[in-house]
Number of protein chains: 2
Amino acid sequence: MPLDSKTLCLGALDAGFNTGYDIRKAFENGPFQHYQSLSYGSIYPALNALLAEGLVTCRPHSQDGRPDKKVYTITEAGRSALRAALLQPLEFDRLRSGFMFALSFAHRMAPGELSRLLDDYIRGHYDLADELARIDGVTTPGDRFLIRMGADVCRAWGRWIEENRAALEHDIQAYRTARVPLRDGTHG
Amino acid sequence: MPLDSKTLCLGALDAGFNTGYDIRKAFENGPFQHYQSLSYGSIYPALNALLAEGLVTCRPHSQDGRPDKKVYTITEAGRSALRAALLQPLEFDRLRSGFMFALSFAHRMAPGELSRLLDDYIRGHYDLADELARIDGVTTPGDRFLIRMGADVCRAWGRWIEENRAALEHDIQAYRTARVPLRDGTHG
DNA sequence: CAACTCATGTAAGCTGTTACATGATTCG
DNA sequence: CGAATCATGTAACAGCTTACATGAGTTG
């Protein structure tokens with residue numbers, strides 16, 4: 001089962017983000033940014049739907065100088081719905097990787113092009129690992145676990161590529177040699 | 001830049017899949033299945049668009065007993081377009097993970113529920129690693145690299161969770177103790 | 001004989017994003 | 001003084017998936 005925008009909003013509300021604006025930040029720069037996304041166009045309609053279903057309550061909050069906001073609170077029914085959704089068999093993680101697709105055409109690339117692609121991918125993983133390591137103020141055990149996991153897995157991933165990129169380059173050499181045989185067959 | 005359906009079809013064609021039906025298999029069960037997806041509704045219109053742009057050619061192929069098929073061939077212009085698309089700065093890998101979202105609410109789960117979630121996630125990684133290791137008949141260096149990378153990273157990921165799940169459970173205990181202090185303060 | 005494979009294609013629908021409208025305030 | 005931040009909301013659009021139409025042949 002895919003996690004839909006309503007469930008994601010419910011989760012964000014449960015995690016302490018209590019306005020539409022704040023929920024967006026949770027998915028843009030906040031704790032969910034690395035494994036889910038959600039934008040205004042989905043959030044506001046979702047909150048209204050949740051309100052109609054009684055899964056959240058809402059009270060307007062006037063502020064001086066700033067626009068009024070609507071502060072949402074998850075209800076008991078909402079918490080049950082969230083739990084139920086999270087316990088349902090989850091869809092397996094969906095990875096959409098342009099790098100991998102590109103890498104599957106490594107044999108079509110010039111050495112410099114491939115090198116740049118790998119450099120970018122390695123750097124991307126190390127940067128993400130560093131970014132995760134720098135996060136602080138994380139309050140829940142699950143988030144702490146996920147951050148450590150992300151950082152360690154990203155580092156291991158980057159290291160794996162560094163350790164195996166030479167083998168890839170050799171394999172490409174061999175592949176090309178096999179496909180474009182030497183004209184002079186007397187040697188090797 | 002995201003890889004659109006036309007570029008993905010061009011790639012599949014370059015990789016040797018030469019009908020709409022075969023291209024779908026490449027994304028459903030074939031070499032691209034783990035990092036991209038594409039279905040009929042996108043493939044057939046994309047092929048027609050590519051044909052109109054001169055990036056592919058097409059000749060009908062009659063078969064006895066089976067429906068006629070259209071065999072597509074990528075042109076030189078098509079190969080250039082594919083290369084150009086792959087060299088463009090790629091969007092960073094997008095991970096949509098229901099497991100991670102669920103795990104961020106680990107402190108709300110009963111021990112058995114959390115345990116099942118982690119078991120499923122670990123098993124999913126080991127299963128994928130095994131599945132990748134079982135693949136044979138891979139002809140290009142890039143694909144061989146990706147398969148080894150996927151298998152090794154998945155195994156390392158699964159191992160990481162096994163080695164750190166106890167820490168998560170302890171952290172949850174500590175979190176709950178801090179939030180629901182003992183009524184009798186005289187002991188520990 | 002039901003169900004699946006081969007094979008192309010379209011229409012409807014779902015889900016989500018982008019961009020805009022609105023408007024005060026604060027920061028550089 | 002322009003740009004960003006706070007704050008809600010909608011309309012238009014993009015992109016992809018699902019389901020269907022069609023139909024012969026094969027597998028269990």
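Computed from a prediction, not measured in an experiment: that's the story for all the values here. Naming convention: chains lettered A, B, ... in sequence-line order (proteins, then strands); numbering from 1 in each chain. Every heavy atom of this structure was used, including side-chain atoms; hydrogens, water molecules and symmetry mates were not.
In terms of position along DNA chain D, the nucleotide closest to A/Lys69 lies nearer the 5' end than the nucleotide closest to the other residue of the pair A/Pro45 and A/Lys69. Mapping A/Tyr40 and A/Arg66 onto DNA chain C by nearest heavy atom places A/Tyr40 closer to the 5' end of the strand. If B/Pro67 and B/Arg96 are placed on DNA chain C by their nearest nucleotide, the residue sitting closer to the 5' end is B/Pro67.
OP1 or OP2 of C/dG16 sits under 4.0 Å from a side-chain N or O of A/Ser5. Contact annotation: A/Ser42 does not reach the phosphate of C/dT15 (side-chain N/O to OP1 or OP2, under 4.0 Å). Between D/dC16 and B/Ser39, no contact under 4.0 Å exists linking OP1 or OP2 to a side-chain N or O.
Taking atom NZ of residue A/Lys6 and atom P of nucleotide C/dG16, one finds them 11 Å apart after rounding to whole Å. What separates CG of B/Asn18 from C1' of C/dA7 is a distance of 13 Å, to the nearest Å. As a whole-Å value, the separation of B/Arg24 CZ from C/dA7 P is 12 Å. As rounded to whole Å, 16 Å separates atom C1' of C/dA11 from atom OH of B/Tyr44. Here the P atom of nucleotide C/dG16 and the CG atom of A/Leu3 are 10 Å apart, to the nearest Å. Taking atom CD of residue A/Gln36 and atom C1' of nucleotide C/dT15, one finds them 13 Å apart after rounding to whole Å. Rounded to whole Å, the distance from CD on B/Gln63 to C1' on D/dG23 is 14 Å. In this structure, the CG atom of B/Asp68 is 14 Å from the C1' atom of C/dG9, given to the nearest Å.
Closest contact between the side chain of A/Tyr21 and the listed nucleotides D/dT18, C/dG9, D/dA7 involves D/dA7. Comparing C/dT17, D/dT18, D/dC6 by their closest approach to the side chain of A/Lys25 singles out D/dC6. Across D/dT17, D/dG9, C/dC6, the shortest atom-to-atom separation from the side chain of A/Asn48 is found for D/dG9.
Judged purely by distance below 3.5 Å, without hydrogens or angles, the side chains of B/Asp93 and B/Tyr35 never pair a donor atom with an acceptor atom. Side chain to side chain, A/Thr73 and A/Arg59 fail the donor-acceptor criterion of an N or O pair below 3.5 Å.
Between the A/Gln88 side chain and the A/Ala85 main chain, no donor and acceptor come within less than 3.5 Å of each other. Between the side chain of A/Tyr72 and the backbone N or O of A/Phe17 there is no donor-acceptor pair closer than 3.5 Å. A side-chain donor-acceptor contact under 3.5 Å links A/Thr75 to the backbone of A/Gly54.
Backbone-only contact: B/Gly20 has heavy atoms under 4.0 Å from sugar-phosphate atoms and none from a base.
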